[in-house]
Visitor: 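Below is a structure I'd like to ask you about.
As the structure is a computational prediction, the values presented were derived from the model and not from experiment. As the structure lists them, so they are numbered: ligands from 1, and atoms in each ligand from 1.
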Amino acid sequence: MKKQRIAVAYSGGLDTSVIVHWLKERYNAEIVTVTGNLGQRKELAGLADKAYRTGARKVYIQDLRDEFVEEYLWPSLKGGALYEHTYPMATSLGRPLLAKALVDVARRERCTAVAHGCTGKGNDQVRFEAAVAALAPELKVLAPVREWEFRSREEEIAYCERHGIPVTATKKSPYSIDENVWGTSIECGILEDPMAEPPEDAYQRTASPKQAPDKAQYVTIDFREGVPFALNRKYLKGFDLIEELNVIAGANGVGRMDLVENRLVGIKSREIYEAPAAVALHFAHRELERLTLDKDVMHVKAKIAHDYADLIYNGLWFSPLRLAYDAFINETQKVVNGLVKLKLYKGNVEIAGRTSPNSLYDSGLATYTEEDSFDHKASEGFIKIFSLPLKTYYRINKNGLSKKRRVARKGRK
Ligand code: ARG
C-alpha cells in the first residue's frame, strides 16, 4: 500500500523538527516540509539539509516575499489595518499566506493532511486552520503540539536525542519570536509581566531611542493609489522599499510597541512588536489620506479600518467579507497619490510635509488673507438651519423640563 503523505509547515525550530518525526511514526506517513520566505532575517540556507536529516521525504522552501508584499501587506496598509489601533499585524498577515503555500504543496504532492506547529492558546492555529478550511476544505489539519505528550522543551530535546533529530545548539532566547519583513513579534520570559519594562535585549531590530542619532532624519515616500513606490525619490520594488525603510526607521528607534492585546481565544496577552517600516508607512499613508480623501469617505473608512483589522487578526483573510472590504478600500485609494515627507527622531515619526495632485486642500478656501474666496455670508444661513433642531428642542424643554412641567412646578411654589 502506498504511504499517506502529510505536508508540514516547517520552520526548522524545535517544535516543527519534532513534528516531522512524530507524525512520521504516528501515522506511518511520508513527510513533505514547506517553509516560506517572508523576509525573516533568519538564515534559510542549511534548512533543507536539516529537514532531510530530520526525516523529510521532500522539502519545499518557497520565496513568498513579493506575493506577501503585494497581496497581503499593501492591502492591509491601504485599509489602515492596525489591530486595537496599534499592531500592524506582521504575524497575522503572514499566516494565511503560509497556509496557502502549504495547501499548494499538499495538492501537488497528493497529501491527505497538512500539519502546523501552533499551540492551542494562540491566534495562529485559528489563522492556519481557517485558511485551510477556505482554500482546501477536503484537507485534514493536524496540530500535533495541541495533542502530543511533551510538556516541556527539555522533553522535546530528549526526544530529538533519542531519535537522532538534529537540534541547532544555539542558546535558547528567553523570548518567543516571530519575524518577517513587516515586523517582529516578541513574547514570553519577563515580558509576561505587564508591569515589567521590556529589557533592551528583547528588541531585535530597532535602536533604543536613547542610542539613536541626535539629529532628525528626513525621508520621503511616494504613493500611487495608496501604495508606496519610492523612498527618498528612488523608485523601489515593494519588498526592497520596506527593507530599506526598516533599516532607516529602525536606526532612529521608530516602530517599537508594547501592547496588552485581546487574543481571539479569550486571553489577554502582552507582547512587544518592532515594525519600523510598517509604523512609518501607516503614518505616512494616513497623512496622505487626510489630504486627498473626501470627508465622508475618510470617516467611513476609519470605521471600516477597525473591523478590517479584526478580520485579519481573527484569521478570516480568505473570506467573502475581506474581498468586499477590499473592493471598498481600493475604490477609496484611487486618489491617494502623492508624496509625504517624514521626520524620524528618537523613536518618533512626525509629519514634515505632504503634497498631492489629488489634494483637496484649497488654499483659497482655507486662507485668512485677502486671497480668501470662502463665502462668509453663506455661513449665516447654514448655521441657522444646522442649529434649528437645537433651537426647537430647547424652546420646548427649558432646563431639561417641558413647558407643562415647568408650569406645574411653578404652581406648587
Ligand atoms: N500576538 C501576535 C498575533 O497574534 C503574534 C503572535 C506570535 N508571537 C510570537 N512571539 N511568536 O498576531
Visitor: Taking the six-membered ring for Trp, are Trp317 and Tyr72 parallel (under 30°), tilted (30 to 60°) or perpendicular (over 60°)?
Guide: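 Answer is parallel, since the angle falls under 30°.
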Visitor: Count the heavy atoms of every other residue, nucleotide or ligand shown that sit under 6.0 Å from CD of Glu25, and state whether that count exceeds 12.
Guide: yes
Visitor: Less than 3.5 Å between some nitrogen or oxygen of Ser176 and one of ligand 1, yes or no?
Guide: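 Yes: some nitrogen or oxygen of Ser176 is under 3.5 Å from one in ligand 1.
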Visitor: His376 vs Phe374 aromatic rings, parallel, tilted or perpendicular, using cut-offs 30° and 60°?
Guide: perpendicular
Visitor: According to salt bridge (Lys or Arg N to Asp or Glu O under 4.0 Å), who are the partners of Glu138, at least two apart in sequence or on a separate chain?
Guide: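 Only Arg107 meet the salt bridge (Lys or Arg N to Asp or Glu O under 4.0 Å) criterion with Glu138.
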Visitor: So, are Glu274 and Arg205 salt-bridged, with charged N and O less than 4.0 Å apart?
Guide: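 No.
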Visitor: Relative to the heavy atoms of Thr91, which atoms of ligand 1 are at a distance of less than 4.0 Å?
Guide: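 What qualifies from ligand 1 is 5 (C), 6 (C), 7 (C), 12 (O).
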Visitor: Where does the angle between the aromatic ring planes of His306 and His85 fall among parallel (under 30°), tilted (30 to 60°) and perpendicular (over 60°)?
Guide: tilted
Visitor: Would you say Thr112 and Gln4 are linked by a side-chain donor-acceptor pair, where the criterion is simply a distance under 3.5 Å?
Guide: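 The criterion, which ignores hydrogens and geometry beyond distance, is satisfied for Thr112 and Gln4.
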Visitor: Which residue and non-hydrogen atom of the protein lie closest to atom 2 (C) of ligand 1, and at what distance in Å?
Guide: Tyr273 OH, 3.2 Å
Visitor: Suppose I only count heavy atoms of Glu187 and a 4.0 Å limit; which atoms of ligand 1 are within that range?
Guide: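 Heavy-atom distances to Glu187 below 4.0 Å select 8 (N), 9 (C), 10 (N).
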Visitor: Using a 4.0 Å heavy-atom cut-off, say whether Arg127 meets ligand 1 through its side chain, its backbone, both or neither.
Guide: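 Side chain only.
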Visitor: Do ligand 1 and Glu261 have nitrogen or oxygen atoms that lie under 3.5 Å from each other?
Guide: yes
Visitor: Atoms of ligand 1 less than 4.0 Å from Ser185 heavy atoms?
Guide: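 Counting from 1, the qualifying ligand atoms are 5 (C), 8 (N), 9 (C), 10 (N).
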Visitor: Taking only residues two or more places apart in sequence, or in another chain, which ones meet Lys301 in a salt bridge (Lys or Arg N to Asp or Glu O under 4.0 Å)?
Guide: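 Partners of Lys301 by the salt bridge (Lys or Arg N to Asp or Glu O under 4.0 Å) criterion, ordered by chain and then number, come out as Glu289.
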Visitor: Give the numbers and elements of all ligand 1 atoms closer than 4.0 Å to a heavy atom of Ser92.
Guide: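 By the 4.0 Å cutoff, the relevant atoms are 12 (O).
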Visitor: Nearest protein heavy-atom contact for atom 12 (O) of ligand 1: which residue, which atom, what distance?
Guide: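 Result for atom 12 (O) of ligand 1: Tyr87 OH, 2.6 Å.
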Visitor: To the nearest 0.1 Å, how far is atom 5 (C) of ligand 1 from its closest protein heavy atom, and which atom is that?
Guide: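 That would be Glu271 OE1, 3.5 Å.
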Visitor: Applying a 4.0 Å heavy-atom criterion (strictly less than), which segment of Tyr83 is in contact with ligand 1: side chain, backbone, both, or neither?
Guide: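 The answer is neither.
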